[in-house]
Amino acid sequence: MSEDYEELDIRDILYDPDNTDPIVMQDENGKDISFEQVAVLPIEKTVYVLLKPLDQIEGIADDEMLVFRIAEEDDNATLEIVTDRKLTDRVYEEFVKLVEEEDVGE
């Protein structure tokens, strides 16, 4: 990954429609984990991101996605994993609605 890419704000990466590069984050042990961006979903006043791990993560099936929220503080944005089951279910339901709407529109 280029230095220019690493210096971009996560919002610039997520909102770039031409970006096909994986999103790389570190786990609690400092190990790099690559993710494929699936969707960015604004719900109420929060922006959620669905990411599919490209690397094996213990306890996560190959077909599962993880839900993150964009947390903003002092012009800096980070991704925080969402662990609340009701909230992850709601975000996933919104994603399914969008996919179904796109299928109907085609």
Side-chain angles (χ1 to χ4, degrees):
M1 191 178 304
S2 74
E3 287 179 31
D4 292 338
Y5 184 81
E6 290 176 2
E7 292 177 10
L8 286 175
D9 184 288
I10 190 66
R11 293 168 291 202
D12 294 331
I13 295 166
L14 293 170
Y15 293 130
D16 180 356
D18 298 321
N19 179 44
T20 58
D21 293 333
I23 294 171
V24 180
M25 292 187 278
Q26 290 187 336
D27 67 10
E28 62 275 356
N29 299 318
K31 178 185 172 198
D32 284 350
I33 300 176
S34 297
F35 294 87
E36 174 185 2
Q37 179 179 330
V38 178
V40 176
L41 301 163
I43 301 173
E44 294 175 7
K45 294 182 180 183
T46 304
V47 178
Y48 296 94
V49 181
L50 287 171
L51 299 177
K52 182 179 182 305
L54 296 173
D55 301 315
Q56 184 64 39
I57 299 175
E58 187 176 325
I60 306 295
D62 290 341
D63 63 346
E64 284 187 73
M65 296 180 282
L66 299 175
V67 178
F68 294 83
R69 89 180 83 213
I70 297 178
E72 299 187 42
E73 184 177 316
D74 299 329
D75 278 345
N76 189 23
T78 58
L79 290 178
E80 295 178 350
I81 190 149
V82 176
T83 57
D84 179 283
R85 182 65 181 196
K86 287 182 181 179
L87 184 54
T88 59
D89 288 347
R90 179 162 181 231
V91 172
Y92 183 71
E93 288 170 11
E94 290 297 320
F95 171 69
V96 170
K97 284 181 193 175
L98 280 175
V99 170
E100 289 173 349
E101 287 173 9
E102 285 183 11
D103 287 345
V104 169
E106 289 182 3

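Around atom CD of E73, no more than 12 heavy atoms belonging to other residues, nucleotides or ligands sit under 6.0 Å away.
For I81, the side chain to side chain contact (heavy atoms under 4.5 Å, CB included) partners at least two apart in sequence or on another chain are L66, F68, T83.
Interatomic distance, CE of M65 versus CD1 of I60, reported as 12.0 Å (0.5 Å rounding). The CD atom of E36 lies 12.0 Å from the CG atom of D21; values are rounded to the nearest 0.5 Å. The CG atom of L41 sits 5.5 Å away from the CG atom of L98 when rounded to the nearest 0.5 Å. With rounding to the nearest 0.5 angstrom, the CD1 atom of I10 is 10.5 Å from the OH atom of Y15. Distance check: T78 OG1 to R69 CZ gives 10.0 Å after rounding to the nearest 0.5 Å. Rounding to the nearest 0.5 angstrom, the gap separating the CG atom in D55 from the CZ atom in F35 is 8.0 Å.
The two atoms that bring D18 and D16 nearest to each other are N-OD1, 2.8 Å, heavy atoms only. Across all their heavy atoms, D63 and K52 have their closest contact at CA-CE, 4.5 Å. Nearest heavy-atom pair, P53 versus E64, reported as atom, atom and distance to 0.1 Å: CD-O, 3.4 Å.
Between E94 and K97 there is a salt bridge, since at least one side-chain N of the basic residue sits less than 4.0 Å from a carboxylate O of the acidic one.
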**OP:** Using the side chain to side chain contact (heavy atoms under 4.5 Å, CB included) rule, take L50 and V91 through it: C-alpha gap first, then chi angles, then the decisive distance, then the call.
**Re:** CA-CA 8 Å; L50 287 171; V91 172; 4.3 Å; yes
Subject >> side chain to side chain contact (heavy atoms under 4.5 Å, CB included) assessment of L79 paired with V49 >> reply: CA-CA 8 Å; L79 290 178; V49 181; 4.0 Å; yes
Subject >> side chain to side chain contact (heavy atoms under 4.5 Å, CB included) between T20 and Q37, intermediate numbers included >> reply: CA-CA 8 Å; T20 58; Q37 179 179 330; over 6 Å; no
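Hydrophobic clustering, with ILVMFWY side chains joined whenever heavy atoms are under 4.5 angstrom apart, groups V99 together with I43.
L51 has its side chain out of reach of V38: every pair of non-hydrogen atoms, C-beta onward, lies at least 4.5 Å apart. Within the 4.5 Å cutoff, no side-chain heavy atoms of L14 are placed close to those of V47.
Remark: the backbone N or O of R11 is paired with a side-chain donor or acceptor of D9 at under 3.5 angstrom. Formation of a donor-acceptor pair under 3.5 Å by the D27 side chain with backbone atoms of N29 is found in this model.
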